[in-house]
Amino acid sequence: MTRNYLIAGNWKMNLTATESAALAKEVVQLVSQNSSVDICVSPTFTALDAVSRMVNGSQVSLGAQNMHQEVSGAYTGEISASMLESLEVDYVILGHSERREYFGETDSLVNQKTVAALQAGLKPIVCVGETLEQREADQTIAVIQSQVEGGLASLGADCADSLVIAYEPVWAIGTGKTATPEMAEAVHAEIRAMLTGLMGESAAQKIRILYGGSMKPENADELLAQANIDGGLIGGAALKADSFISLIDSAAKQSN
Ligand code: 13P
């Protein structure tokens with residue numbers, strides 16, 4: 001079965017709207033037409049409009065890095081799903097470890113956001129991952145299990161076409177330390193089994209599980225070759241068009 005890889009860039013709090021549009025333009029120009037890989041770039045909120053115009057009609061989809069769980073109301077500084085939709089956003093990253101760590105996001109909040117995103121027709125990329133302390137204490141699977149079960153509570157098999165999971169070991173994010181392909185695959189296989197338990201085999205097979213954490217051109221081939229790694233969520237290497245394109249090429253090679 002050929003796999004439908006997703007390579008998603010998370011630009012985090014980098015680049016102005018002008019700089020983001022320039023990077024998006026480069027990516028669009030370099031991506032081959034009819035790429036077999038799904039591609040997404042996720043700029044900061046203030047650059048969504050400019051990047052949306054740039055990727056419009058191309059192979060590149062637009063992602064946001066967060067959203068609020070309510071439809072509208074008195075939530076100063078927040079952004080709703082319909083606001084994202086009005087800018088042609090397709091994907092929304094939810095529960096990134098940086099949001100969990102610095103902004104106190106809990107599994108229950110991630111669940112509310114995930115439900116809201118799906119209801120609005122967005123594709124949530126729900127992030128899970130253990131810290132170094134948790135890995136060293138042999139708690140990795142227990143931590144991931146509570147994040148998966150908490151973040152996806154009440155969701156049924158009907159969300160399988162839209163839902164994406166990203167496994168991002170916290171100790172590998174922005175550190176240059178990557179999980180070995182075997183370490184990553186072991187956790188991805190566990191996540192697939194958890195999804196099977198929650199939603200059944202056929203839904204679990206459809207849900208894409210991305211790896212994130214210092215994925216770069218030098219390690220992408222091996223990571224993407226693993227049976228349960230369906231793409232990548234990329235930080236640093238997504239900020240340069242050539243390295244991002246190289247990751248897309250790695251995924252395309254695997255799907256051929
Ligand atoms: P890096 O690729 O910079 O390690 O970041 C990964 C990440 O957090 C993507 O969401």
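These numbers come from a predicted model, not from an experiment. Each ligand, and each atom within it, is numbered from 1 in the order the structure gives.
Between R53 and D49 a salt bridge is recorded (basic side-chain N to carboxylate O distance below 4.0 Å).
Classification of the H188-Y167 ring pair by plane angle, with boundaries at 30° and 60°, yields perpendicular.
Those atoms of ligand 1 that come under 4.0 Å of a heavy atom in G236, given as number and element, are 1 (P), 2 (O), 3 (O). Applying the 4.0 Å criterion to heavy atoms of E168 picks out, from ligand 1, the atoms 6 (C), 7 (C), 8 (O), 9 (C), 10 (O). If you number the atoms of ligand 1 from 1 as listed, the ones under 4.0 Å from a heavy atom of N10 come out as 9 (C), 10 (O).
Checked by atom type, the side-chain pair S42/N10 shows no donor-acceptor distance below 3.5 Å.
Proximity of K12 to ligand 1 is established by a heavy-atom distance of less than 4.0 Å. The shell of residues lying under 4.0 angstrom from ligand 1, judged by heavy atoms, includes A172.
When the side-chain contact (heavy atoms from CB on, under 4.5 Å) test is applied to E26, the partners found at least two apart in sequence or on another chain are L23, A241. Considering only residues two or more places apart in sequence or on other chains, S162 meets the side-chain hydrogen bond (donor to acceptor under 3.5 Å, both in side chains) condition with none of them.
Not one N or O of G213 is nearer than 3.5 Å to an N or O of ligand 1, by distance alone.
Heavy atoms from both the backbone and the side chain of L233 come within less than 4.0 Å of ligand 1. For H96, every heavy-atom contact with ligand 1 shorter than 4.0 Å involves the side chain, none the backbone.
Relative to atom 2 (O) of ligand 1, the option among A238, G235, G174, A237 with the closest non-hydrogen atom is G235.
When all heavy atoms of A81 and L122 are compared, the closest pair comes out as CB-CD1, 3.8 Å.
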Evaluation steps, side chain to side chain contact (heavy atoms under 4.5 Å, CB included), between R100 and V110: CA-CA 9 Å; R100 293 175 187 263; V110 174; 4.0 Å; yes
